[in-house]
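Along the sequence shown, residues are numbered consecutively beginning with 1.
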Amino acid sequence: MAMAMVAPLYTWLLAAACSYGASSCENRSGSASPMGRRARRRLQRMGGAGSTLICSKQSYTSMLPDVASFCGSSLQGLSSCLSFEACPEYYSSKQSPLFGEGIFGLGLGSRPVRAARRQPKVAGAGNVLQSIRSGKALAIAIQPVREKTEKKKLITKPRRVVVTGMGVVSSLGHDADSFYSSLLAGRSGVSVIESFDCSEFPTRIAGEIKGFSTDGWVAPKFSRRMDKFMLYLLTAGKKALEDGGMSADVMGDLDKSKCGILIGSALGGMKVFNDAIEALRVSYRKMNPFCVPFATTNMGSAMLAMDLGWMGPNYSISTACATSNFCILSAANHILRGEADVMLSGGSDSAIIPIGLGGFIACRSLSQRNNAPHKASRPWDVDRDGFVMGEGAGVLLLEELEHAKDRGATIYAEFLGGSFTCDAYHMTEPHPEGAGISLCIENALAQAGVRKEDVNYVNAHATSTRAGDLQEYKALMKVFGQNPELKVNSTKSMIGHLLGAAGAVEAVATVQAIRTGWIHPTINVDNPEKEIDMNIIVGAQKERLDIKVALSNSFGFGGHNSSILFSPYVESNDN
């Protein structure tokens with residue numbers, strides 16, 4: 001290897017050492033030796049001067065042993081210098097330097113240096129050129145090659161991710177405790193829409209948030225301009241920090257470069273964008289200057305980061321109704337890779353406006369049980385007729401375990417892992433055999449290193465659609481059907497479908513189930529499908545359960561599947 005590298009350099013040294021004179025020292029009449037002719041041809045190919053440039057046989061011969069010695073030795077550890085004196089007649093020559101100007105500008109003389117491209121780089125090449133140009137003796141210093149040393153990797157404990165705070169904005173409450181208390185009581189947050197006149201729509205019900213205030217959470221100047229999805233996001237995010245004990249002193253001690261925000265949205269600022277279109281009908285001058293940034297899905301995370309000064313990973317993910325789970329798993333991965341110590345993650349959506357309601361009605365997705373709103377969302381029930389739109393936000397405060405312990409945080413649960421897959425089947429319909437869902441669950445178990453018999457609670461996606469509920473149930477039975485402890489419920493039976501925020505709000509419910517030891521009921525399953533085993537589905541009453549590992553599913557239009565896993569944090573497992 002060393003000889004292969006040195007051989008081209010050796011040839012170059014021979015040519016250069018024998019070529020400093022403007023004419024031959026001895027063989028001007030053309031009686032050059034064979035070696036001299038080869039050197040001359042090499043120089044001519046390299047664009048050198050047209051004159052015969054051959055050193056005397058004597059100087060050539062005296063130089064050869066040194067060069068041969070150099071080329072025959074190893075590059076490693078070589079610290080001596082090779083010095084070749086130019087021919088005496090070189091100094092009396094009035095011709096220009098051998099290589100001309102611009103050697104490193106890809107030109108020797110007026111032609112490109114093709115031969116030079118094949119030569120290896122030599123330490124001190126700039127000094128070589130300076131010596132040639134100044135007419136001084138050429139000296140090439142070969143730097144010793146450093147021995148390659150293997151860097152020993154420090155053995156460190158794998159990083160773990162825990163949940164230390166939760167924030168929620170929903171039709172059943174605006175903090176994690178009141179929200180979950182309502183769920184345990186089996187209370188429905190679905191009601192008649194009041195924010196606009198929908199009397200002409202076939203669906204007039206939703207899980208609409210009423211009486212929401214941003215006082216103390218969002219500056220008034222932004223409250224008047226922002227879309228609701230951003231207001232929900234900012235409020236839930238700050239409530240998660242408050243719930244996680246992130247006081248002003250704690251926030252001041254954080255490394256802001258290791259704190260990130262990843263809160264997504266399926267539809268973004270639909271109202272801001274719709275209002276801009278209406279204003280454009282009059283004139284572009286009537287448009288809100290914030291209509292573009294406040295309509296994009298990433299701006300909620302960005303605005304929260306500006307408020308907090310957090311400079312770590314910050315972006316949004318939009319994968320329809322699977323958005324939140326994608327965000328939570330991706331945020332956790334930033335912590336596991338050491339790119340962040342703290343992440344706010346989840347989702348937010350607010351699409352209960354005319355264009356949102358009308359769009360889903362056009363898809364024939366929504367329930368029309370307007371006379372009994374609280375009975376409209378009914379997963380796994382024979383009489384279900386579509387899902388109910390909801391709105392709100394859910395945010396988890398994820399933290400690296402040691403970071404959480406160092407600041408004395410209360411640890412609610414441990415995030416174990418998750419997975420994503422795609423059905424690659426249909427825009428709105430699930431795969432008829434639930435193949436993508438089963439694969440997603442199995443991949444999540446494998447990624448987290450969890451045995452399927454250890455999963456005894458599933459917060460299902462279960463939206464109350466004809467095909468979706470059954471396909472998810474079949475996939476769950478395929479994976480966990482042999483587990484006699486398995487319990488499954490649906491949060492959407494009480495709050496409707498929060499679209500991109502659904503997974504995060506359901507993650508809050510899942511963590512609350514781990515904390516309290518109670519799993520909430522699934523309401524309105526009065527006449528279950530014949531395939532459904534009601535010993536597995538949690539019915540109209542809450543149930544006590546010692547959760548080992550909990551699974552939360554979210555699926556979205558486009559065939560997006562997501563599954564994430566939580567468990568109780570057990571301090572004895574730290575080692």
Asker: Hey, is NZ on K210 packed in by over 12 heavy atoms from elsewhere, all under 6.0 Å?
Answerer: yes

Asker: Regarding S350 and E391, do their side chains bring together a donor and an acceptor under 3.5 Å, going by distance alone?
Answerer: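 A donor-acceptor contact under 3.5 Å links the two side chains.
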
Asker: Checking side-chain polar atoms at under 3.5 Å, does Y473 have a donor or acceptor matched by the opposite partner on D533?
Answerer: no

Asker: Look at atom NZ of K256 and say whether more than 12 heavy atoms of other residues, nucleotides or ligands are closer to it than 6.0 Å.
Answerer: yes

Asker: Given the rule in the side-chain contact (heavy atoms from CB on, under 4.5 Å) test, do Q512 and D177 qualify, once you have shown the distances and angles that lead to the verdict?
Answerer: CA-CA 8 Å; Q512 287 287 62; D177 289 336; 3.2 Å; yes

Asker: Which pairs, with at least one residue in residues 262-272 and sequence neighbours excluded, count as a side chain to side chain donor-acceptor pair (under 3.5 Å)?
Answerer: S265-D349, K271-D275

Asker: With sequence neighbours left out, write down each residue that passes side-chain hydrogen bond (donor to acceptor under 3.5 Å, both in side chains) with T296, or none if nothing qualifies.
Answerer: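 For T296 the side-chain hydrogen bond (donor to acceptor under 3.5 Å, both in side chains) partners, ignoring immediate neighbours, are N298.
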
Asker: Please report the C-alpha distance between E529 and R384 in whole Å, then the side-chain angles of each, then the deciding distance to 0.1 Å, and finally whether the salt bridge (Lys or Arg N to Asp or Glu O under 4.0 Å) criterion is met.
Answerer: CA-CA 10 Å; E529 292 275 6; R384 66 191 183 280; 2.9 Å; yes

Asker: Please report the closest heavy-atom contact between A351 and M270, naming both atoms and the distance.
Answerer: CB-SD, 3.9 Å

Asker: According to side chain to side chain donor-acceptor pair (under 3.5 Å), does anything in residues 324-333 pair up with another residue at least two apart or in another chain? List the pairs.
Answerer: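 Qualifying pairs: N325-S562.
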
Asker: Please assess N524 against D381 for the test side-chain contact (heavy atoms from CB on, under 4.5 Å), listing each intermediate value before the final yes or no.
Answerer: CA-CA 7 Å; N524 302 327; D381 190 83; over 6 Å; no

Asker: Among residues at least two apart in sequence or on other chains, which ones pass side-chain contact (heavy atoms from CB on, under 4.5 Å) with A475?
Answerer: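 With neighbours one apart ignored, the set is I437, S438.
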
Asker: Please name all residues satisfying side-chain contact (heavy atoms from CB on, under 4.5 Å) with S348, sequence neighbours left out, ordered by chain then number.
Answerer: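 By the side-chain contact (heavy atoms from CB on, under 4.5 Å) rule, S348 matches F229, Y232, L233, A393.
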
Asker: What I'd like to find out is whether the side chain of W380 reaches to under 4.5 Å of the side chain of M534, using heavy atoms alone.
Answerer: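 No; the side chains remain at least 4.5 Å from each other.
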
Asker: Should the pair E442-K478 be classified as a salt bridge under the 4.0 Å nitrogen-to-oxygen rule?
Answerer: no

Asker: Tell me whether the count of non-hydrogen atoms from other residues, nucleotides or ligands lying under 6.0 Å of CD in Q541 goes above 12.
Answerer: no

Asker: Does D307 pair with K238 as a salt bridge, N-O distance under 4.0 Å?
Answerer: yes

Asker: Name all residues meeting the side-chain hydrogen bond (donor to acceptor under 3.5 Å, both in side chains) criterion together with T164; count only those two or more places apart in sequence or in a different chain, and write none if there are none.
Answerer: E399

Asker: Does Y315 have any side-chain hydrogen bond (donor to acceptor under 3.5 Å, both in side chains) partners at least two apart in sequence or in another chain, and if so, which?
Answerer: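 Y315 satisfies side-chain hydrogen bond (donor to acceptor under 3.5 Å, both in side chains) with H334 once adjacent residues are dropped.
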
Asker: Could you list the residues that satisfy ring-ring contact (aromatic ring centres under 6.0 Å, His included) with F360, not counting sequence neighbours?
Answerer: F387

Asker: Considering residues, nucleotides and ligands other than R225, do more than 12 of their heavy atoms fall under 6.0 Å from its CZ?
Answerer: no

Asker: Got a sec: does the CZ of F273 have more than 12 other heavy atoms crowding it under 6.0 Å?
Answerer: no

Asker: For a side-chain contact (heavy atoms from CB on, under 4.5 Å) check, start with the C-alpha distance between F222 and L234, then their side-chain angles and the critical distance, and finish with the verdict.
Answerer: CA-CA 11 Å; F222 289 125; L234 292 171; 5.8 Å; no

Asker: Among all residues two or more places apart in sequence or in another chain, which pass the ring-ring contact (aromatic ring centres under 6.0 Å, His included) test with F196?
Answerer: none

Asker: Flag the pair L445 / L565 as yes when at least one side-chain heavy-atom distance between them is below 4.5 Å, and no otherwise.
Answerer: yes

Asker: So does D469 pair up with R378, basic N to acidic O under 4.0 Å?
Answerer: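 Answer for the salt bridge query: no.
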
Asker: Under a 3.5 Å threshold, yes or no: a donor from one side chain and an acceptor from the other, between S318 and T297?
Answerer: no

Asker: Do the charged groups of R451 and D454 touch, with an N to O distance under 4.0 Å?
Answerer: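 Yes.
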
Asker: Kindly determine whether E400 and K258 satisfy side-chain contact (heavy atoms from CB on, under 4.5 Å), including the steps that lead there.
Answerer: CA-CA 11 Å; E400 195 275 325; K258 301 297 286 291; over 6 Å; no

Asker: Mind checking side-chain contact (heavy atoms from CB on, under 4.5 Å) for H560 and listing every partner two or more places apart, or none if nothing turns up?
Answerer: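 Here the qualifying residues are T319, A322, F326.
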
Asker: Could you list the residues that satisfy side-chain hydrogen bond (donor to acceptor under 3.5 Å, both in side chains) with N314, not counting sequence neighbours?
Answerer: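 If we apply the side-chain hydrogen bond (donor to acceptor under 3.5 Å, both in side chains) test to N314, skipping adjacent residues, there are no hits.
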
Asker: Regarding S182 and R187, do their side chains bring together a donor and an acceptor under 3.5 Å, going by distance alone?
Answerer: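 Yes, because at least one side-chain N or O of S182 sits under 3.5 Å from a partner of the opposite role on R187.
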
Asker: List the residues meeting side-chain contact (heavy atoms from CB on, under 4.5 Å) with T491, not counting sequence neighbours, and say none if there are none.
Answerer: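 Only F179, L183, N459, I495, E506, A509, H520 meet the side-chain contact (heavy atoms from CB on, under 4.5 Å) criterion with T491.
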
